[in-house]
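As C-alpha cells, the structure follows; a few thoughts come after it.
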Protein chains: 4
Amino acid sequence: MSATPATPAKKTAPDAARRSERSRRAIYDAALSLIGEIGYPRTTIEGIAARAGVGKQTIYRWWGSKAEVLMEAFMDLNEQNARAAAEQHPGTPVGASGLPDTGDLAADLKRVLRATVDELKDPRFEAPARALAAEGLSDPAFAENFVRKLLMPGLDLYAARLRSAQEAGQVRAGIDPETARDLFVSPIAQRWLQGTGPLDHAYTDRLVEYALYGIAARPRDPEAD
Amino acid sequence: MSATPATPAKKTAPDAARRSERSRRAIYDAALSLIGEIGYPRTTIEGIAARAGVGKQTIYRWWGSKAEVLMEAFMDLNEQNARAAAEQHPGTPVGASGLPDTGDLAADLKRVLRATVDELKDPRFEAPARALAAEGLSDPAFAENFVRKLLMPGLDLYAARLRSAQEAGQVRAGIDPETARDLFVSPIAQRWLQGTGPLDHAYTDRLVEYALYGIAARPRDPEAD
Amino acid sequence: MSATPATPAKKTAPDAARRSERSRRAIYDAALSLIGEIGYPRTTIEGIAARAGVGKQTIYRWWGSKAEVLMEAFMDLNEQNARAAAEQHPGTPVGASGLPDTGDLAADLKRVLRATVDELKDPRFEAPARALAAEGLSDPAFAENFVRKLLMPGLDLYAARLRSAQEAGQVRAGIDPETARDLFVSPIAQRWLQGTGPLDHAYTDRLVEYALYGIAARPRDPEAD
Amino acid sequence: MSATPATPAKKTAPDAARRSERSRRAIYDAALSLIGEIGYPRTTIEGIAARAGVGKQTIYRWWGSKAEVLMEAFMDLNEQNARAAAEQHPGTPVGASGLPDTGDLAADLKRVLRATVDELKDPRFEAPARALAAEGLSDPAFAENFVRKLLMPGLDLYAARLRSAQEAGQVRAGIDPETARDLFVSPIAQRWLQGTGPLDHAYTDRLVEYALYGIAARPRDPEAD
DNA sequence: GCTTAACCGAGACGGTACGTCCAGTCTTCCA
DNA sequence: TGGAAGACTGGACGTACCGTCTCGGTTAAGC
C-alpha cells in the first residue's frame with residue numbers, strides 16, 4: 001500500500017497518476033508467465049513487452065531493469081495470494097507476531113515450517129523466487145532491496161515468535177532470537193536454493209527438535225551450572 | 001588407437017591430449033580477474049578470450065558456457081590454494097574427517113567456522129563463489145554439478161566430524177549428522193549469500209553454542225526446572 | 001492501415017516509412033569508399049556498419065547481402081552522376097533513343113563508345129561495377145537483377161539507336177538489333193572485365209568500322225572486286 | 001607440360017618430387033565436385049580437405065588460395081577432356097591454327113562457335129569456369145594468369161584462323177585479327193557470363209554473318225543498291 | 001637396410017566475420 | 001502526454017573458416 005513510487009526515474013519523473021493500470025497488470029502477468037515457461041535468463045524485456053502487448057518504453061519508463069519488474073510482479077503476486085488466503089481462513093488464531101502461538105513452541109514451529117516448505121515447492125512461486133535470489137547474488141543493491149522487502153518481513157515473524165516464547169520462559173534468556181531463528185530457517189533456505197539435501201517435513205521437524213534441545217549429549221546437566 | 005574420450009563434447013570430441021595448457025591457464029586467469037573487476041554478469045566470453053589472448057573457439061571447444069569456465073577456474077584456484085596451504089602448514093593435526101579433532105567438539109567447530117567465515121570474506125574468493133551460486137539458482141543441471149563438486153566435499157567434512165563425535169559419545173545417538181551439520185553451516189551460507197544479517201566470529205560462536213545445547217530452556221530434563 | 005510493403009523482407013517487414021535516410025546515405029558512402037580502398041572481397045558488412053556509424057542490424061534489416069547493398073549504392077551513385085551531368089549539359093541533342101543521333105551512325109557510335117570506355121576506366125566507377133559483375137557470376141538471381149536494372153537499360157539504348165538507323169535505311173533490313181549491338185558492346189565488356197586486350201579509342205573505332213562494314217573481303221557483292 | 005613448378009612457395013619450397021599424386025588428384029576431384037554441388041563461394045578449403053581426406057596443410061603447401069586450386073583442377077579437367085576427345089576423333093582435319101580450315105571461313109566459324117556454345121553449357125564445365133572468371137574480376141593478378149593460361153590459348157586459335165583467311169584473301173587486308181575475333185567471341189562470352197540474352201546456335205550463326213559482311217546497308221559500295 | 005628428413009592426415013590454435021538477438025534510446029503516431 | 005510500435009546504435013552471442021602451427025605416422029632418398 002505504498003503511495004510513493006519507490007522506483008526512481010531517469011530523466012524527468014513520469015506522472016504516476018496517469019499511469020496505465022492495464023499495462024502494469026499485463027506486464028506483471030507476462031513477466032511471471034515467461035519466467036515460468038522459459039526461465040528467468042531467457043526472459044527478455046522485449047519478450048515481456050511483446051507478450052504484454054506493450055511498448056518497450058513503457059517498461060523502461062517505470063522500471064529500471066528486468067529484475068525490478070520481476071520483484072514488483074512477485075510482490076504483487078504475494079499480495080494477491082495473501083488476500084486470497086485471508087479470505088479463505090478468516091479466523092486463524094495467531095499471536096501478535098503473525099505466527100500461530102498455541103503456547104507449544106515446538107509444535108507451532110513445526111507446523112509453520114511444514115507450510116513454508118510446501119509453499120517453496122509451489123511451482124508458481126519457485127521460479128520467480130529463485131530468480132530474485134539469483135539476481136541478488138550479483139547485485140548488492142538489489143539484494144538489499146530484496147532482503148528488506150521480501151525476505152526480512154517473513155524472517156522477523158520467526159524472531160518475534162521466539163522472543164514471545166522467551167518471555168514465556170520457554171527459551172533460555174540469553175538467546176539471541178535472530179541467531180536462533182536462523183537455526184531452522186537457514187537450513188531450509190539452503191536446501192531449497194542449492195539442493196544440498198532433501199527438503200521435506202521430516203527434515204523440518206528434525207531441525208526444530210535439534211535446535212530446541214541441542215545435539216550434544218545431555219548438555220548442561222542439572223549438576224552442571 | 002584413440003584414447004578414451006573422457007571429455008563429453010557436442011560434435012566430434014576434441015583431442016584432449018593436444019590441448020594447450022598455456023591457453024587453459026590464461027583463460028582461467030582472465031575469467032577470474034574479469035569477474036573480480038567488472039562482475040560476473042558483465043564478464044563475457046569474448047572478453048575472457050580477448051584478455052587471455054585466445055580465440056573464442058578455444059573456449060567453446062572445451063567448455064559449454066561461461067559458467068563452466070568459471071567453475072573450472074574456481075576449482076583450479078582452490079586446488080592451488082590448498083596446495084599452497086598444505087605446504088605452509090605441513091603438520092596440522094586433523095582427524096580422519098579432515099577437520100581438526102582435538103576431542104573438544106565445540107572448540108573445534110568454532111575454530112573451523114571462524115576460519116570459514118574469514119575465507120568467505122576473502123575478495124579473491126567471494127566474487128566467483130557468488131557467481132557460481134547464482135548460476136546454480138537458475139540452472140539445475142549446473143547446480144547439481146556445483147553442489148557435488150564444490151559444495152558437498154566441504155559439507156561432508158562437517159558431517160564426518162559430527163559422526164566421529166557421535167561415536168565418542170559427545171553427540172546424542174539418534175542425531176542425523178547431515179541435519180545437525182546444517183544447523184551451523186546453513187546460517188552462515190545464508191548470511192553470506194543473501195546478507196540477512198552480520199556474519200562474524202561472534203555469530204558463528206553463537207551458532208555452535210545454540211546448536212550443541214539447544215535454545216529451549218532446560219530441554220527434556222526432568223531434574224531441570 | 002499499413003502502407004504497401006514494397007520492400008520484400010524475411011520476417012515481419014520493417015516499416016519503410018520510418019526508415020532513416022541518414023543511415024541509408026551513410027551506408028552507401030561507406031560501402032563505396034571501402035570497396036574503393038580495400039576491394040570488394042575484403043569489404044565486410046561489419047566494416048561498412050562501422051564506417052557508416054550504424055548498427056549491423058540496420059544493414060541486415062534493409063538488405064539481404066553485401067552485394068545488395070553495393071547494388072543500391074551503385075545505382076544511387078549513377079543517379080547522382082546522371083543528375084549532375086544533366087545539369088551541366090542541359091541541351092545535348094539526342095535522339096529518341098537517348099543516344100546522339102546526328103544521322104551519321106558510325107560517328108555517333110564511335111563517339112558514344114569512346115565515352116563509355118572513358119567512364120569504364122573511371123576508378124570511382126570501376127571497382128563497384130566489377131564487384132557487381134563478379135557477384136552476378138556466382139549468383140544467378142543476383143545476376144538477373146543486375147542485368148535487368150543496371151546493364152539492360154544501357155544496352156537497350158544501343159539497340160534503339162540501331163533500330164532508328166535501320167528505319168532510316170542505314171542498316172540492312174533483316175538485321176537483329178540486339179545481336180548487332182553486341183558486336184561492338186560485348187568486345188568492350190570483355191576487354192574491360194577480363195583484360196583480354198587493350199581497351200582504347202582506337203579499338204572501339206575499329207569495332208564500329210568492322211561491325212558496320214564487315215571483315216570479309218567485298219562480301220556478297222558481285223559488282224565489287 | 002611445364003617441368004618447373006610455377007607455384008611459388010612461402011618459406012622453403014617443398015620438394016615437388018616427393019609430392020603425393022594421390023592427394024593431388026583427390027583434391028582436384030573434391031574441389032570440382034564441391035563447386036558443382038554447393039557453388040564456389042560456399043566451397044571452402046576446409047571442405048575440400050575434408051572431402052579429399054587430406055590435411056589442410058597439404059593444400060596450403062602446394063597452392064596459395066582456393067582459386068589457385070580450382071584453376072589447376074580445371075586445367076587438369078580440360079587436359080583429360082582434350083585427351084579423351086583426341087582419342088575418340090583421331091583424324092579431325094584441322095588447319096595449322098588448330099581450328100577446322102575447310103576454306104569456307106563462315107562455315108568453319110559457325111561450326112566451331114556452335115561447338116563452343118555447347119561446351120559452355122556443359123554443367124561439368126560451367127560452374128568452375130564461371131568461378132574462375134568471377135575470381136579474376138576482383139583479383140587482377142589472378143586474372144592475368146587466368147587469361148594467359150586458359151582464355152588466351154583458345155582465343156588465339158580464332159585470330160590464327162582469321163589470319164590464315166586473310167592470307168587466303170577472304171578477309172580484308174587491313175583488318176586486325178584480334179579485334180575481328182572479338183566480334184564473334186566476345187558476344188558469346190558476355191551472354192554466357194552475364195546472361196544478357198539467349199545463347200544458341202542461331203545467335204552464333206548470326207554473329208558470324210554480321211561480323212563477316214557488316215550490318216550497314218551496302219557499305220561503302222557506290223555501285224551497290 | 002637403416003637412418004632420416006619430408007610429406008602426410010589430423011586438428012588445435014589465434015583470429016575475423018558472419019548473421020542473430022537484445023539492451024536501452026529515440027521518434028512517430030494514436031487516443 | 002502516456003502508450004504502442006518499432007527503428008536506431010551498440011555489443012555479445014555461438015558458428016564457420018581462415019591460415020599457421022604442432023603432432024605422430026608413413027615413406028622414399030641417401031648413406
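To find a chain, count down the sequence lines: A is the first, B the second, and so on, and within it residues start at 1.
Atom-to-atom, OH of D/Tyr60 to P of E/dA10 comes out at 16 Å; the value is rounded to the nearest Å. Rounded to an integer number of Å, the gap from D/Tyr40 OH to F/dC17 P is 15 Å. Atom C1' of nucleotide E/dC26 and atom CZ of C/Arg22 are separated by 13 Å, given to the nearest angstrom. For B/Glu46 and F/dT15, the CD to C1' distance is 12 Å, given to the nearest whole Å. Separating the CD1 atom of B/Ile45 from the C1' atom of F/dC13 is a distance of 8 Å, rounded to the nearest angstrom. In this structure, B/Glu21 atom CD and E/dC13 atom P are separated by 11 Å, rounded to whole Å. What separates CZ of B/Arg42 from P of E/dG24 is a distance of 12 Å, to the nearest Å. At whole-Å resolution of the value, CD1 in D/Ile59 and C1' in F/dC18 are 12 Å apart.
Of the candidate nucleotides E/dG9, E/dG14, F/dA7, E/dG14 has the atom nearest to the side chain of B/Val54. The side chain of C/Thr58 lies closest to F/dT9 when the candidates are F/dG3, F/dT9, E/dA12.
When all heavy atoms of B/Leu137 and A/Arg130 are compared, the closest pair comes out as O-NE, 3.1 Å. Residue B/Phe74 comes nearest to B/Ala129 through the heavy atom pair CZ-CB, 4.0 Å, listed as atom of the first residue, atom of the second, then distance. In this structure, B/Ala131 and B/Tyr40 approach most closely via the heavy-atom pair CB-CG, 3.4 Å.
A donor-acceptor contact under 3.5 angstrom links the side-chain atoms of A/Gln57 to the base of E/dC26. Taking 3.5 Å as the limit, the base of F/dG19 and the side chain of D/Lys56 contain a donor-acceptor pair of atoms between them.
Across all strands, C/Gly47 comes closer than 4.0 Å to no nucleic acid atom at all (heavy-atom distances).
Mapping B/Thr44 and C/Ser23 onto DNA chain F by nearest heavy atom places C/Ser23 closer to the 5' end of the strand. If D/Gly55 and D/Arg18 are placed on DNA chain E by their nearest nucleotide, the residue sitting closer to the 5' end is D/Arg18.
An OP1 or OP2 oxygen of F/dC8 is reached within less than 4.0 angstrom by a side-chain nitrogen or oxygen of C/Arg61. Contact check, B/Ser20 against E/dA12: no side-chain N or O comes under 4.0 Å of OP1 or OP2. A close approach under 4.0 Å does not occur between any side-chain nitrogen or oxygen of B/Trp62 and OP1 or OP2 of E/dA12.
Cation-pi check for B/Arg19 over B/Trp62 is met; the charged atom lies under 6.0 angstrom from the ring centroid and within 45 degrees of its normal.
Counting heavy atoms of neighbouring residues, nucleotides and ligands inside a 6.0 Å radius, atom CZ of D/Arg25 exceeds 12 of them.
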